[in-house]
Amino acid sequence: MRGTELRRTAFIPFFPESDSLSPPLTYSRRETTLHSPLMCLNLPTFLNVMEAPKPENAERKTLDDRQKMTDLERLRHSAAHVMATAIARLWPDAQFASGPAVENGFYYDVELEHRITPEDFPAIEAEMKKEIKANHVFEKLIVTREQAFADAQKGRLGALAERPAPSKFKIGNLADIPEGEPISYYKSGDFIDLCAGPHVMRTGNIGAYKLTTVASAYYKGDEKNPQLQRIYGTAFKNKTQLDEYFKMQEEAKRRDHRKIGAEMGLFVLDAEFVGPGMPLWLPKGTVLVEELEKLAKETEFAAGYVRVRTPHLAREKMYKTSGHLPYYAESMFPPMELDEMETEREELTSRLRQAELKVGEFVDGVMTKDSGKGGAIFEVSEDGSLQRSGPFLVKALDGLKRDYSIPPAVEAAADEFRRLKPKFDSLPPIDRYFLKAMNCPHHHRIFAAEPRSYRDLPLRLAEYGTCYRYEQSGELFGLMRVRSLNMNDAHIYCTEDQFASEFKAVNDMYLKYFKIFGLEKYQMRFSTHSKEGLGKKYVNEPELWLKTEDMVRRVLNESGINYVEVANEAAFYGPKIDVQVWSAIGREFTIATNQVDFAVPAKFGLTYRDRDNQDKTPLCIHRAPLGTHERFIGFLIEHYAGNFPLWLAPDQVRVLPVTDAQMDYAQGIVNELRGQQVRVELEFSNDKLMGRIQRAEERRVHHILVVGQREQEANNVALRIHGQGQQGVKPRAEVVAEILAAIRERKA
RNA sequence: GCCGGUGUAGCUCAGUGGUAGAGCAUUCGAUUCGUAAUCGAAUGGUCAUCGGUUCAAAUCCGAUCACCGGCUCCA
């Protein structure tokens with residue numbers, strides 16, 4: 001924000017010391033009417049100054065949206081009402097907030113003195129059973145806004161009867177309903193709730209239900225609001241479907257990547273020495289990482305990409321230029337600071353601070369005497385924030401000179417400030433290095449490293465870049481959400497004319513990968529900007545946004561990609577496509593992302609010389625079809641339940657001689673396969689064959705070759721495939737050839 | 001970051017104020033064995049960390065850290 005000569009000033013009572021040499025503290029905006037040069041603001045307390053801005057209103061579903069609820073969602077939403085009824089019977093003073101249907105069931109948020117635990121579930125479920133047995137009709141009542149407020153005041157909403165305390169959250173919900181929208185209740189038995197519906201006809205239609213967990217959530221999702229208990233449950237038409245759901249949950253638990261990762265020795269998370277969210281890849285896990293890299297490198301090479309390598313660090317200027325710093329700073333590790341003038345800086349800082357304090361104290365004192373109130377003086381900058389800088393205080397002191405006599409010590413402090421400030425300002429800035437949270441800025445500098453012609457485009461720079469993101473501690477989750485990550489990253493610089501075909505090629509690459517990994521269900525989420533966010537959440541280029549989004553939409557339509565469009569979720573520099581895939585057991589994962597960037601190349605001043613001899617800014621496509629190794633491998637572990645196809649399997653082949661008379665024969669097979677880059681080992685421990693097979697199966701060794709005297713004599717092997725049992729005895733050469741082919745073709 | 005839960009051997013878990021346990025894994029010994037577990041022995045723990053209560057703490061209390069389930073965020 002640019003400063004002006006005409007500063008405005010505020011006098012805030014009871015404010016602590018300031019520090020003008022660290023970045024100025026900024027306080028939220030306040031409506032003020034001010035006159036110059038100095039004046040008093042009569043703010044009742046300091047706390048009022050700290051009032052936070054109102055959070056953006058969460059998007060509200062329109063009535064039309066609600067009518068689109070599926071039958072299952074209606075049933076679950078109705079189950080939420082029934083659960084609330086049951087809770088209200090057990091704890092009549094419960095205050096309900098909202099209770100929607102969600103992906104796997106429903107929840108209801110409730111404020112209640114009693115802390116609900118899973119031990120309470122049987123009692124709640126028993127009450128629910130009564131409600132369902134009674135088969136109440138879900139009755140819709142249209143009421144006036146006044147009526148609704150009156151009932152809420154009487155505590156009647158989200159309740160079985162009127163209560164002494166008002167239904168406070170329902171009052172809050174009412175306030176969010178736009179003028180003109182009809183207000184309705186749903187009544188089932190004694191329970192009346194403020195609700196837009198829709199519901200099933202009768203409580204008896206809720207076939208099968210079960211409470212699952214209890215968690216906490218803020219009212220309306222805002223951490224400044226009261227914290228509520230969120231009781232989760234799920235419901236289905238019938239018991240069979242409910243049982244299937246829980247079976248699937250069990251299966252997901254069995255396939256949990258953390259569990260299988262530990263069993264197979266793929267990775268460890270060493271929070272104590274390495275840090276939370278920073279996986280160490282063990283040898284078996286590294287196999288997965290490197291096989292994926294190999295796949296991506298081959299695929300990208302064939303598609304005309306070139307590979308680059310960049311360091312893990314970059315100077316502050318990089319991220320200031322890219323614009324990541326203001327938008328993204330919270331997600332980056334704090335910078336490493338190199339300061340060659342550290343001693344001088346500290347010395348000057350301390351002397352300036354002392355001088356400033358002295359001046360500030362005097363000015364505050366004068367103001368206090370004038371106003372009769374204790375407090376401190378501030379300048380109000382153009383954006384309404386309050387600041388208190390040294391130069392400002394010295395200037396304020398000058399303003400007082402006409403009417404007040406300044407003590408010599410204060411004058412001396414002001415002089416010292418005037419003398420040292422320029423010195424301080426002329427110190428070279430502190431050199432700050434950031435761990436990179438993304439690779440694009442480095443790649444932009446590679447683009448900038450040489451003059452570029454339109455003949456060089458499209459330029460596709462690919463890198464397995466390691467990035468570091470400071471995810472909040474509560475976000476970390478196994479491999480799925482980490483702080484150090486490896487991205488299958490690339491940036492495609494192209495002209496507008498090339499955009500459509502490049503973007504289509506990227507999509508085709510996704511589809512190719514899906515096929516290799518046997519992903520049958522996928523969806524692309526096309527995230528676009530919102531007008532309101534321009535200049536805040538999004539770079540302020542309204543026309544470019546529309547134009548780019550239109551290009552993307554056209555390609556998606558033309559190539560018949562399965563996608564949905566979501567407004568207001570784009571990246572700050574352009575529209576984004578998140579790729580969602582569903583694992584073999586039907587769980588959804590957001591695996592990759594694909595972004596169009598029309599803003600950052602310009603910030604870096606990237607240009608190419610076009611046919612017409614003009615310099616033009618390229619478009620940039622950010623794409624990472626395999627996302628991060630961490631998340632992708634986490635996903636694959638669940639998808640395959642750890643039973644990777646041969647080409648990916650950390651243990652591809654294990655040869656088991658029946659007795660040590662076959663050791664040489666077995667060793668020969670091992671040598672042959674190892675010579676062909678196959679991950680094979682020989683096992684001859686003290687255990688019986690049965691035991692060794694058991695262990696090989698447990699370790700998920702893909703091919704188990706048993707060789708006894710019979711096989712050795714005929715130059716055969718007895719083949720066993722993990723999870724598929726014995727495959728019979730085959731000629732050694734045939735088995736070796738099959739193994740090599742399956743690996744080469746990346747057979748599923 | 002916020003709320004709640006959990007933390008005992010490498011893994012899975014017993015142990016409710018009175019001398020830290022089991023199975024598997026590991027190591028050693030015996031067994032030479034034909035398709036999902038041979039037998040025996042040994043090793044292994046500051047009971048997450050720090051502090052408090054107590055004659056006595058894995059056990060009770062507090063703080064911190066990590067993990068888990070959510071919220072917010074996100075690849």
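For the numbers below, each heavy atom of this structure counts, side chains included, while hydrogens, waters and symmetry mates do not. Each chain gets a letter, A, B and so on, in the order its sequence line appears, and its residues count up from 1.
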Subject >> Nucleotide of B:U32, B:U31, B:G34 approaching A:Thr659 most closely (side-chain heavy atoms) >> reply: B:U32
**OP:** Output the single nucleotide from B:G34, B:C67, B:U35 whose closest atom is nearest the side chain of A:Ile693.
**Re:** B:U35
Original post:
Rounded to the nearest Å, what distance is computed from the CE atom of residue A:Met480 to the P atom of nucleotide B:A75?
Top reply: 15 Å
Subject >> Exercise: identify the closest heavy-atom pair between A:Tyr464 and A:Leu292 >> reply: OH-O, 3.7 Å
Original post:
Looking for any heavy atom pair under 4.0 Å, which part of the strands does A:Gly265 touch: base, sugar-phosphate only, or nothing?
Top reply: nothing
Subject >> Nucleotide of B:G69, B:C67, B:C74 approaching A:Pro276 most closely (side-chain heavy atoms) >> reply: B:C67
Subject >> C1' atoms of B:G4 and B:A9, separation to the nearest Å >> reply: 29 Å
Original post:
Would you call A:Asp109 and A:Arg230 a salt bridge, taking side-chain N to carboxylate O under 4.0 Å as the test?
Top reply: yes
Subject >> Nearest-angstrom distance from the residue atom NZ of A:Lys253 to P of B:G69 >> reply: 10 Å
Subject >> Between B:C71 and B:U12 - C1' atom distance, rounded Å >> reply: 31 Å
Original post:
Which residues satisfy the side chain to side chain donor-acceptor pair (under 3.5 Å) test with A:Arg254, sequence neighbours excluded?
Top reply: A:Glu251
Original post:
What integer number of Å spans the P atoms of B:C2 and B:C61?
Top reply: 22 Å
**OP:** Answer with base, sugar-phosphate or nothing: what part of the nucleic acid does A:Glu698 contact at a heavy-atom distance below 4.0 Å?
**Re:** base
Original post:
What distance, rounded to whole Å, do you find between the two C1' atoms, one in B:U26 and one in B:U35?
Top reply: 26 Å
Original post:
Using the C1' atom in both, what is the distance from B:U53 to B:C60, to the nearest Å?
Top reply: 8 Å
Original post:
Any idea which of B:U32, B:C33, B:G70 is nearest the A:Tyr232 side chain?
Top reply: B:G70
**OP:** Check every strand shown and say whether A:Leu269 touches a base, only sugar-phosphate, or nothing at a heavy-atom separation below 4.0 Å.
**Re:** nothing
**OP:** Using the P atoms only, state how far B:U38 lies from B:C24, rounded to an integer number of Å.
**Re:** 12 Å
**OP:** Side chain of A:Phe477 only, please: which of B:A75, B:G69, B:C33 is the nearest?
**Re:** B:G69
Subject >> Length of the CG-C1' vector between A:Asp687 and B:U26, whole Å >> reply: 13 Å
Original post:
Nearest of B:A75, B:U35, B:G34 to any side-chain atom of A:Met690?
Top reply: B:U35
Original post:
Which nucleotide in the list B:C71, B:A36, B:C73 gets nearest to the side chain of A:Arg481?
Top reply: B:C73
**OP:** Could you tell me whether the phosphate oxygens of B:A36, OP1 or OP2, come under 4.0 Å of any side-chain nitrogen or oxygen in A:Lys688?
**Re:** no
Original post:
Between B:C68 and A:Arg258, is there an OP1 or OP2 to side-chain N/O distance shorter than 4.0 Å?
Top reply: yes
Original post:
Which nucleotide sits closest to the side chain of A:Glu475: B:U35, B:A75, B:U72?
Top reply: B:U72
Original post:
How far does the C1' atom of B:C65 sit from the matching atom of B:C50, given to the nearest Å?
Top reply: 10 Å
Original post:
A:Gln595 side chain: which of B:U32, B:A75, B:U31 is closest?
Top reply: B:A75
